[in-house]
Amino acid sequence: MQGALRRDWRGGTMIERVYSKELKPEMHGSRVSIAGWVQERRKLGGLLFLLVRDRYGVVQVTLPKKHVSQEVFETAKKLSRESVVVVRGTLQAMDKAPGGVELLPESIEVLSSAASPLPLDPTGRVPANLDTRLDHRVLDLRKPRVAAVFRIRSALLQAARSYLLGDGFIEVHTPRIISTASEGGTELFPVSYFEREAFLAQSPQLYKQMLMATGFDRVFEIATYFRAEEHDTIWHLNEITAIDCELAFISSHGDVMDVIESLVHAMLQGVESNCSRELELLDAELPECRRIPRITYEEALEMLEEQGFSLPFGEDLTTEAEKRLGEIMAEQGHELYFIKDFPLEAKPFYTMPEGEKLSRSFDLEFRGREVVSGSQRIHGYELLVERIKASGLRVENFQTYLEAFRYGMPPHGGFGMGIERFLMLLLKLGNIREAALFPRDRFRLQP
RNA sequence: GCCCUGGUGGUGUAGCCCGGCCUAUCAUACAGGACUGUCACUCCUGUGACUCGGGUUCAAAUCCCGGCCAGGGCGCCA
């Protein structure tokens, strides 16, 4: 009775099969089923080879005309590339076969026949433009190299999540739909919210700060944000994913940088121990990150000055200067480094000032490009109001945010890390679109 | 928002500067055929393309203008 009930609950069973990586020459003679996509078909008259790809690799299915049924041979002969099949047969140890094994089929079941011609070549032998690849992203993602990017992304995020949870952070989710163009800075996408206009969140900034007044002490959020900027470069997307953290009872922004240092270390460790195959496929090398140097904005200016690159104090580094600094730091053996103590004017209103002109802020640079931006935040109500006004924003728009600062707000700080940026730089991808499954940019809304 | 560049079969390209032997190159894919150890199999045969509109010219893939689409840089940011 119990058994019958359990079957009812479970509904069905998965198609029985083994993965390519599990097949070993020692299993010679055993009967197995494999399932996957027909990557290639090589016809040699009386002998036919199928290469069937699954998530871990490729298995060769060998059909000597005289030793398989005519029906199976004909089915194999007619298969189109990328069709989905289940092949049941006897495993043979065979030196001449890839992986040292091949499958002699008793049956080939076609679960899904692929149309032809294919819009791009999933083996990657004939190259395709990024635009074509993104138009047919599902097929593009069948390439092991492309899939590897997203396995690494998953490992990176899993490591980040587990590190943060272990370090006392709790995971939260703040609203994606917000009421006003509150934060300033980036443009927001308007959405229709019943009888009112609302916007898509560009970051969780104000909400994660408000949570610092609750007693959670440390929160993080991994989520998607929307930026309505009309930029069209290899570095920008209109829909991004970020790891955002905020922590209370800090004494300075150095405490925030300490968290990032450990977090980045944990993330790279996670990738190193879970994705060696993927890193090899992508020919990627992980940066050294035990200690991440922290140079001040002023030091950065001086270093650039020595190279004949003079910049006025007070402005954010230009893209060119940022790249040049990346080269200088790389020569000294640092692919990751913080630039801290930016001029107050170059940073958002909630940034804690340091003296007259500076701020308790920082960016984490990775190979000459910003991947994290953070700071100690202002926790005093009066100063915050003053800074909102000084930044040319309207205090009325910040009433609910400001209320959190009126009834007991501890000193706090935090940061946001762009996942696609980080991945792109880590794997040296040529375009940030490659770091998103289905990227959204100025012109791309599909797939 | 400003600036630059490009668009050739399903895919990736050559040709464009300097218009005409372009009936448009090559690879791959696709269709048919030969082949019992392929592994980017090989070989033979075949199908398939000049982004759209206008202009210049005896003649436009090629030069000019505009549209559409795409790529990139700056600013802004992650």
Look at the side chain of [X] and decide which nucleotide, out of [options], has an atom nearest to it.
X: A:Ile240; options: B:C77, B:A78, B:A29; result: B:A78
X: A:Phe49; options: B:A70, B:C77, B:U38; result: B:U38
X: A:Arg81; options: B:C30, B:A70, B:C74; result: B:C30
X: A:Trp235; options: B:G12, B:A78, B:G73; result: B:G73
X: A:Glu40; options: B:G75, B:U36, B:A40; result: B:A40
X: A:His236; options: B:C77, B:A31, B:C39; result: B:C77
X: A:Gln60; options: B:C77, B:C39, B:G75; result: B:C39
X: A:Pro117; options: B:U38, B:A29, B:G12; result: B:A29
X: A:Val126; options: B:U28, B:U38, B:C77; result: B:U28
X: A:Glu370; options: B:C35, B:C77, B:A78; result: B:A78

Looking only at side-chain N and O atoms, does [X] come under 4.0 Å of OP1 or OP2 in [N]?
X: A:Lys323; N: B:C74; result: yes
X: A:Ser116; N: B:G10; result: no
X: A:Ser373; N: B:A78; result: yes
X: A:Asn431; N: B:G72; result: yes
X: A:Asn129; N: B:G71; result: no
X: A:Arg433; N: B:G72; result: yes
X: A:Thr62; N: B:G37; result: no

Taking the six-membered ring for Trp, are A:Tyr401 and A:Tyr350 ring centroids under 6.0 Å apart?
->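 No - the distance between ring centres of A:Tyr401 and A:Tyr350 does not fall below the 6.0 Å cut-off.
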Quick one: sort the A:Tyr297 and A:Phe342 rings into parallel, tilted or perpendicular, breaks at 30° and 60°.
-> tilted
How are the rings of A:Phe189 and A:Phe226 set relative to one another: parallel (under 30°), tilted (30 to 60°) or perpendicular (over 60°)?
->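 Taking A:Phe226 first and then A:Phe189, their aromatic rings stand perpendicular (interplane angle over 60°).
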Is a donor on one side and an acceptor on the other found under 3.5 Å between the side chain of A:Arg153 and the backbone of A:Ala435?
->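 Such a contact is found between A:Arg153 side chain and A:Ala435 backbone.
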In whole angstrom, give me the gap between the [atom1] atoms of [N] and [M].
N: B:G7; M: B:C17; atom1: P; value: 13 Å
N: B:A29; M: B:C43; atom1: P; value: 12 Å
N: B:G10; M: B:A31; atom1: P; value: 16 Å

Tell me which residues in residues 149-164 of chain A put a heavy atom below 4.0 Å from RNA chain B, sorted by number, or none.
->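 Residues of residues 149-164 of chain A that come under 4.0 Å of RNA chain B do not exist, since none gets that close.
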Near A:Glu197 CD, under 6.0 Å, is it more than 12 heavy atoms from other residues, nucleotides or ligands?
->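 Correct, the count exceeds 12.
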Could you tell me whether A:Gln332 atom CD has more than 12 heavy atoms of other residues or ligands within 6.0 Å of it?
->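 Yes, because the 6.0 Å sphere around CD of A:Gln332 holds more than 12 heavy atoms from other groups.
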Check whether any side-chain heavy atom of A:Tyr225 sits under 4.5 Å from a side-chain heavy atom of A:Leu200, and report yes or no.
-> no
5' precedence on RNA chain B between A:Asp121 and A:Leu47 (nearest-nucleotide basis) =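 Its nucleotide being nearer the 5' end, the pick is A:Asp121.
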Closest-nucleotide ordering on RNA chain B, the 5'-leading residue of A:Asp131 and A:Ala97 =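 Mapping each residue to its closest nucleotide by heavy atoms, the 5'-most match is A:Ala97.
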Could you tell me whether A:Met417 contacts a base, only the sugar-phosphate backbone, or nothing, with contacts defined as non-hydrogen atoms closer than 4.0 Å?
->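 Contact class for A:Met417: none.
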Classify the nucleic acid contact of A:Ile234 as base, sugar-phosphate or nothing, counting any heavy atom under 4.0 Å across all strands shown.
->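 Counting heavy atoms under 4.0 Å across all strands, the contact made by A:Ile234 is with sugar-phosphate only.
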Atom-to-atom span, [atom1] of [X] to [atom2] of [N] - whole angstrom:
X: A:Leu51; N: B:G37; atom1: CG; atom2: P; result: 16 Å
X: A:Gln92; N: B:G37; atom1: CD; atom2: C1'; result: 13 Å
X: A:Leu134; N: B:G71; atom1: CG; atom2: P; result: 8 Å

Which residues share a side chain to side chain donor-acceptor pair (under 3.5 Å) with A:Gln39, sequence neighbours left out =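 A:Gln39 satisfies side chain to side chain donor-acceptor pair (under 3.5 Å) with no residue once adjacent residues are dropped.
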Base-paired stems that RNA chain B participates in, counting runs of 3 or more Watson-Crick or G-U pairs under 3.5 Å | B:1-7 with B:68-74, B:10-12 with B:26-28, B:30-34 with B:42-46, B:51-55 with B:63-67
Going by atom types only, do A:Gln209 and A:His412 share a side-chain donor-acceptor pair under 3.5 Å?
-> yes
